[in-house]
Structures are given as C-alpha cells and as structure tokens.
Amino acid sequence: MSISSVLVLPYPAQGHVNPMMNFSQKLVEHGRKVYFVNTDINHKRVVSSMVEQQNSLDESLLKLVSIPDGLRPEDDRTDHGKLCDSILSTMPSMLQKKIEEIHLNGEDRICCIVADLNMGWALNVGNKLGIKGALFWPASAAMFACQCNIPTLIDNGIIDSDGIPITKKTFRLSPTMPLMDTETLLWSKVADSVNLKKIINYFTHCVGTTNLTEWWLCNTTYELEPGALSFVPKLLPVGPLLRSYDNKSVNGRSIGQFWEEDLSCMDWLDQQPHHSVLYVAFGSFSLLDQNQFKELALGLDITNIPFLWVVRQDSNSTNKMALPNEFLGSKGKIVSWAPQQKVLSHPAIACFVSHCGWNSTMEGLSNGVSFLCWPYFADQFYNKKCICDELKVGLGFDSDENGLVSRWEIKTKVDQLLCDENIRSMSLKLKENVMNNIAEGSMSSENFSKFVKWLKD
C-alpha cells in the first residue's frame, strides 16, 4: 500500500530553503512524510554540510531528493534573470519526471505539492497529474502583497512594465498597510534592466498560479503585519517557523544548510558574559567589497566588546576577503557558518548586526534580540524599515559620501543601541507576542493544524 506524501519545493536559495525545511519538519512532526526537492547543486551542498548527520536522517519521514535547474555547474546562480529563465524551461518537466519515478517505485504517492510562490509553476505540474497544491511564501506578507500586485503597481504609475520605478516615491498598496518606498521593492536593487525584465516576467508567471489553490501560507504572524494580512486575507500566517534540530545526532546540527555549521562558537558563547556579544551575520547572499570588509573588521575592533562574526568562505573566490593587518580580533571569534537560531537564543547575545533577510528577522524577533540593520538585496531594505520604523527594535547604519559604512559609524551605532533601554524593552515584548503564535490555539498554530487536516482529507 502506497503512503500519501507531501512534496515540498523551495526556490533554489538558502533563504527560501530554510523556512521550507522548518515547515517540512513540522509536517513530519504531525505524521506526514515529506519529499524535499532541491536543485541538484543545492542538494549536494545540503548533503555535504550534514557530515555526521547523514546516517541519522530518518528517510522514512523526510527524504531529500533533487532535480536539475538546467544550468551548467560553472554558471553563476546569483544571476537571477538567467536562473529564472532556466528554471522555467527545465524544471517543470524534471519535476513531473521525479513525481512519476516516486509513483512508479510504488511505496509512496504524492498527495500534495507545497511550492514556494517563486516556484508556483509547480502547481501547474500538480494540476496536470491530479495532485492538489499549496503555495508557501518565505518572506513578509507585505512583499507577498507587492509581488502579487505588480499589475496594480504598473497601472498606478509606480513602476513601468519592466519593473523599473518610474519615480522615487512612497506609496500605499492599501490604507491598512504601512507607507512603502519604491526603493524597498523586492526587485529594486537589480541594476541590469534585461535581467530585471526576466525576473518580473518570471514573478508574474508564478503569481498566475495562485488561482490553482486556496492555500497561501506565510512565515509571519498577525502581530507583525496586521495591515498586510488584512489586505490579503487569504494569506495565512504560520510563523514563526523555527528550526527543529536533529536530536538523534550528538552534534545537533540543523538540516538544509548549504554550508557546514561551526558549533565551536556555542562553546565560545558559553564563556562570554550575558548580553555582551555582537552577532554579525549577513546571510547566504550578501557580499562586501574589500574596503567595506576592512571597515567592518576595524569597527568591530574599536567597539571593544566581544563579537561573533560569520564570514562565509564560498567556492566563489570573490568572497574571500582579507582581514586588514591592523585587525586585532582579540575579543572576537570568526566562523564560516553558524547555527544561527541557537546563537540568537544564547543569553550572551546583545544584538544582531544583520542583512535583514526575513528568516534572520524572524529568528531575531523570536529571541528578543535588537538589530543593527545592514541590508544588501531584495526584501532586506523593506525589512530594515519594518524593524527600525514600524517595530522599533533596531537602528540602521548611515553611509558616508563614498557609500561606505565607516568603522566610527559602526562603533557609534553599537554604543547607541546597547544603551537604549527602550529598544531592549520593545525587543523582549515583541518576542513574547511572536512566540505566543507557537502556542496551541494561537492563530499560526491553528492555521497550520487546519492545513494538516486538509492534507488528510
């Protein structure tokens, strides 16, 4: 007898894989078997990062599988226009083939596809095969509203048909939502107009599949985004989706990471006083140039307080930055990748110097951590505005006339944040509100339970 299973398909980026893996683990905890589908290249990254865990992963409940993205191994997957074109021309047929292989094996039958909105085409594949589907949005509800209302933004003269802002101005999608800025749109930092057109066309194609399902799920909470969620009432908050660590493995590493986590930082944190450490991490995509990297290093030095700094060592040599000769680093620890959720929940953490990706934002808010915001790309500029202006739990850095965040600006903002009891108090209050959504009977918990029940029907 075949087992009804759920197939989960994230957009091929770490910031999309993480929340969908958290969501998948929750499905497993509720008795569902999950096939988690990465692209071939990301699947290899995930498996290689798991080290000792490879033998402890229970594939009877969570099975990691992959399909090709259509690009060559040497192609640049940060070229999102090229990636989107390749996904759309290659992956639908590959996904159908993978599902048919699963069914032919006879043990399992896919009963539902949970697709990242940016992989919405997968619902067409499911529809063709008679499989029901759901959409998952890993970012904020406000960004979901923007992406789903691209035609409205064009009609209202906010952007042109290629996605380029017509003028630098603020706008509201709805009276219930905060004022937004054209510079905080999801795609606003794509400099290449040809690439931007490809991305906008891809987004529009994926959004066109929303009518194939009544289930739109989002990693947020009502308390964080009441205006956006009331504007898009079909979008159901199921956040915060926090990492479930593999307790069967002694090392307790998380599943779904593209890089191996350095757990030595947890022992180091244990040796630091409570509320004393700056945690500095810019996610999986952000890149600093050498000048900015130097200023950050020297800025951390002159704060004269302990810091834990994640410096990714990608295979891409452009991210191999050299520490300046005058950098002491005596009060800090540098790691190539960290178990972020564990780090943020550690009592030694005083604040989070962050790129403001939505996962990092949700993890920081869930742990009552204050932010120093340094956005780089996509939705991070909107998230910074949300953190600083709406939620009032962080501060932003100001660049000098050369676009550089100086070491002195870093020290000034660190001192300002750590002395601000109002921000500290707001952070702890927000933690309580956000974490209440995990409790039984709360809105996010109930939405998730309804979805699991629907899967069984």
Side-chain angles (χ1 to χ4, degrees), residues 78 80 158-159 163-171 178-193 195-196 278-283 285-305 307 309-312 316-329 332 334 351-357 360-361 370-420 423:
T78 64
H80 288 278
I158 307 297
I159 59 174
I164 299 170
I166 291 171
T167 55
K168 289 185 178 180
K169 63 178 181 179
T170 57
F171 65 94
L179 203 63
M180 302 185 76
D181 193 301
T182 51
E183 294 191 346
T184 64
L185 288 168
L186 192 62
W187 55 88
S188 64
K189 302 302 175 182
V190 180
D192 180 348
S193 60
N195 251 351
L196 179 55
L278 296 180
Y279 174 54
V280 186
F282 298 127
F285 192 71
S286 304
L287 294 173
L288 302 179
D289 65 25
Q290 183 62 57
N291 285 340
Q292 186 59 82
F293 186 81
K294 175 184 177 181
E295 284 300 305
L296 173 55
L298 298 179
L300 292 175
D301 256 353
I302 63 174
T303 63
N304 202 34
I305 59 178
F307 61 87
W309 183 13
V310 178
V311 180
R312 261 180 15 251
N316 183 347
S317 60
T318 58
N319 197 37
K320 288 189 166 67
M321 295 288 121
L323 289 163
N325 292 331
E326 57 269 52
F327 176 66
L328 299 173
I334 296 175
C351 84
F352 185 7
V353 182
S354 174
H355 67 307
C356 305
S360 293
T361 300
S370 307
F371 288 80
L372 285 170
C373 300
W374 196 325
Y376 175 77
F377 187 71
D379 63 331
Q380 297 158 15
F381 294 90
Y382 173 79
N383 299 343
K384 174 202 170 184
K385 187 173 175 13
C386 181
I387 289 166
C388 299
D389 301 342
E390 302 294 328
L391 303 175
K392 302 186 186 306
V393 292
L395 300 172
F397 291 108
D398 295 319
S399 302
D400 63 18
E401 64 277 6
N402 299 313
L404 205 67
V405 176
S406 73
R407 66 194 77 171
W408 304 110
E409 167 68 5
I410 291 167
K411 175 172 169 48
T412 298
K413 288 295 168 63
V414 167
D415 291 345
Q416 185 181 341
L417 186 77
L418 296 186
C419 290
D420 194 321
I423 289 180

remark   = Value for CG (Leu296) from CG (Leu404), rounded to nearest 0.5 Å, stands at 10.5 Å

Phe171: side chain to side chain contact (heavy atoms under 4.5 Å, CB included) partners, not counting sequence neighbours = Leu153, Ile158, Leu173, Met180, Thr182, Leu185

inquiry  = Are Val353 and Ile410 packed together at the side-chain level, in the sense that at least one heavy-atom pair is separated by less than 4.5 angstrom?
reply    = no

Nearest heavy-atom neighbours spanning Cys351 and Leu372 = SG-CD1, 4.0 Å

Closest contact, heavy atoms only, His355 versus Ser360 = CE1-OG, 3.3 Å

request  = Applying salt bridge (Lys or Arg N to Asp or Glu O under 4.0 Å), name anything that partners Glu326, two or more places apart in sequence or on another chain.
outcome  = Lys294

request  = Locate the shortest heavy-atom distance separating Ser399 from Val405; write the atom from each residue and the value.
outcome  = OG-CG2, 3.9 Å

note = Sorted by chain and residue number, the side chain to side chain donor-acceptor pair (under 3.5 Å) partners of Ser370 (sequence neighbours excluded) come out as Ser427

task = Identify, with sequence neighbours excluded, every residue that meets ring pair (Phe, Tyr, Trp, His ring centres under 6.0 Å) alongside Phe352.
result = Tyr279, Phe371

query = Who passes side chain to side chain donor-acceptor pair (under 3.5 Å) against Glu295, sequence neighbours left out?
reply = Arg407

remark   = Checking Ile334, Val311, Leu300 against Val280 for side chain to side chain contact (heavy atoms under 4.5 Å, CB included), the one that qualifies is Leu300

key: Heavy-atom pair of closest approach, residues Asn383 and Cys356   = ND2-O, 2.8 Å

message = Between Phe381 and Asp181, is there a side-chain heavy-atom distance shorter than 4.5 Å?
response = no

task = Would you list the pairs meeting salt bridge (charged side-chain N to carboxylate O under 4.0 Å, His left out) in which at least one residue belongs to residues 392-405, sequence neighbours left out?
result = Asp398-Lys413

inquiry  = Run the side chain to side chain contact (heavy atoms under 4.5 Å, CB included) test against Ala297 and tell me which residues pass, sequence neighbours left out.
reply    = Trp309, Leu323, Pro324, Phe327

key: Minimum-distance pair of heavy atoms, taken over all atoms of Asp289 and Gln292   = OD1-N, 2.8 Å

ask   = In chain order, what residues pass the salt bridge (Lys or Arg N to Asp or Glu O under 4.0 Å) check against Asp415, with sequence neighbours excluded?
value = Lys411

request  = Could you list the residues that satisfy side chain to side chain donor-acceptor pair (under 3.5 Å) with Asp301, not counting sequence neighbours?
outcome  = none

query = How far apart are the C-alpha atoms of Asp420 and Leu395, what are their side-chain angles, what is the distance that settles it, and do they pass the side chain to side chain contact (heavy atoms under 4.5 Å, CB included) test?
reply = CA-CA 10 Å; Asp420 194 321; Leu395 300 172; 5.6 Å; no

remark   = dist Ile159:CD1 -> Ile164:CD1 (nearest 0.5 Å) comes out at 9.5 Å

ask   = Which residue pairs satisfy the salt bridge (charged side-chain N to carboxylate O under 4.0 Å, His left out) criterion with at least one member in residues 375-391, sequence neighbours excluded?
value = Lys385-Asp389

ask   = Are Ser354 and Thr361 side-chain neighbours, meaning at least one heavy-atom pair lies under 4.5 Å?
value = no

key: N/O donor-acceptor pair under 3.5 Å between Gln380 side chain and Phe377 backbone   = yes

request  = Could you tell me whether the side chain of Thr78 reaches within less than 4.5 Å of the side chain of Leu287, counting heavy atoms only?
outcome  = no

request  = Apply ring pair (Phe, Tyr, Trp, His ring centres under 6.0 Å) to Phe282 and list each qualifying residue two or more places apart in sequence or on a separate chain.
outcome  = Trp374

key: From OG1 (Thr303) to CG (Leu298), nearest 0.5 Å   = 11.0 Å

ask   = To the nearest 0.5 Å, how far apart are CG in Leu278 and CZ in Phe307?
value = 8.5 Å

query = How would you list, by chain and number, every residue that makes a side chain to side chain contact (heavy atoms under 4.5 Å, CB included) with Thr412, sequence neighbours excluded?
reply = none

